[in-house]
Amino acid sequence: MNRTASTRVVCCLDGLDPAYLAAAETPEWDRIAATGTTGECRGAVPSLTNVNNVGIVAGTHPGEHGITGNTYFDREAGEQVYMEEPSFLRCETRFERYADRGEAVAAVVAKEKLERFVGRGCAITASAQSPLDWLVDAVGEPPGIYSGQASRWVLDAALHLLDSCDPDVLYVSTTDVIPHKHEPGSLEANAWVGALDEGLGSLAARDITLCATADHGMNRKTRCVDLDRVLAAEGLSGEVIALIRDRHTYHHQNLGGAAYVYLGTLTDASATIGDAEGTGADTGDVAAVADRLEGIPGVDLALSAAAAAERFALLPDRIGDLLVLGDRETVFGSLEDCGTGNDRAADTYGNVDLRSHGSHHERTVPYVSNREIDLAYNAAAFAALDEGE
Ligand SMILES: [Zn+2]
């Protein structure tokens, strides 16, 4: 094993929008920056947790690693599938390459679903949801995954793992329950940022090469657009996949700023979208639908799969016919589910008040390192540290 270099540690601080940092005191972050660098970089779009965590451990964009959202639509089976199995990964991760060359890789994450994704190539993995006994003995029982303290437990566990196992590479990923629920500068948000800051400070006090960044930002959302009803109003049929949809609905109620649309057959005889089997639409028609969707209030961008794949480095065969991205204030979801009171079938949008992510408006994230690095994308965090070794 390579024991001459210090351990490379990347922390993904889930949902740490730059606005949270700006509104809080972060003495440790500032101390780390003083010996290295701080700045902002870009995350992947859709700006979701798994998409970006996998991006960091794979060291590449979704077009290569294949995780394009939390949910995937299996067109043949006609059903939505949670994209939470490591088998959805389309490439080798950096961790597997580190392991191949004899390095010991460890990961401590908040959620179990992420543990399986990042676990490839790891000698040790732990999550706050299913913690290892010896970590619990050392740092205590993890608080509930939906509590504000879960992120701090992850950082404490990471510190203990660093001290007791001396891995060559350590990945740490926290949870975004607080930024989903509290605005920047609030008491709760500042307590969360303060806890992250202390945890980072403890890690940085060790002989490590550190980079902390985030998976995505977070914005207040005041409008919910029901894309199923929009399609119906436009005379189109199709499957709308809310990309944030996962098993952790407490955080976000499945309302996020990005959706993939799988066009089906037409319900309106005046237009010609889709083929007879409902297995896809042709290029010219999709472009026409994209134009129409971009005219809907709250929709910022509607891109054909080819255009979306090119612009955001996505995998064309996992993103349906269209990628639809909301404006800064808009989420996509079912009006019945989000309780706007807009229950008439003709209603296509309603008012909400929540905090969420998923669109290109939440792709800017902060980073800090105790080395002088220039990070353009969060997915390059490990590469940036490797270069410094
Ligand atoms: Zn997240």
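In each ligand, atom 1 is the first atom listed, and ligand 1 is the first ligand listed. Residue numbers run from 1 in the order of the sequence given.
Residue pairs meeting the ring-ring contact (aromatic ring centres under 6.0 Å, His included) criterion with at least one partner in residues 51-72, sequence neighbours excluded, are Y72-F88.
Among the backbone and side-chain atoms of T49, an N, O or S atom lies under 2.8 Å from the Zn ion (ligand 1). Not a single N/O/S atom of H357, whether from backbone or side chain, sits less than 2.8 Å from the Zn ion (ligand 1).
As for D14, its N/O/S atom nearest the Zn ion (ligand 1) is the one called OD1. When the N, O or S atoms of D215 are ranked by distance to the Zn ion (ligand 1), OD2 comes first.
Taking each heavy atom of I208 and V9 in turn, the nearest pair found is CD1-CG2, 3.8 Å.
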Could you list the donor-acceptor pairs under 3.5 angstrom formed between side-chain atoms of residues 374-384 and any protein atom two or more places apart in sequence or on another chain?
unit_1 : atom_1 : unit_2 : atom_2 : d
N378   : ND2    : N52    : OD1    : 3.1
N378   : ND2    : A214   : O      : 3.0

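In this structure, R94 forms no cation-pi arrangement with Y171, as its terminal cationic atom is not both closer than 6.0 Å to the ring centre and no more than 45° off the ring axis.
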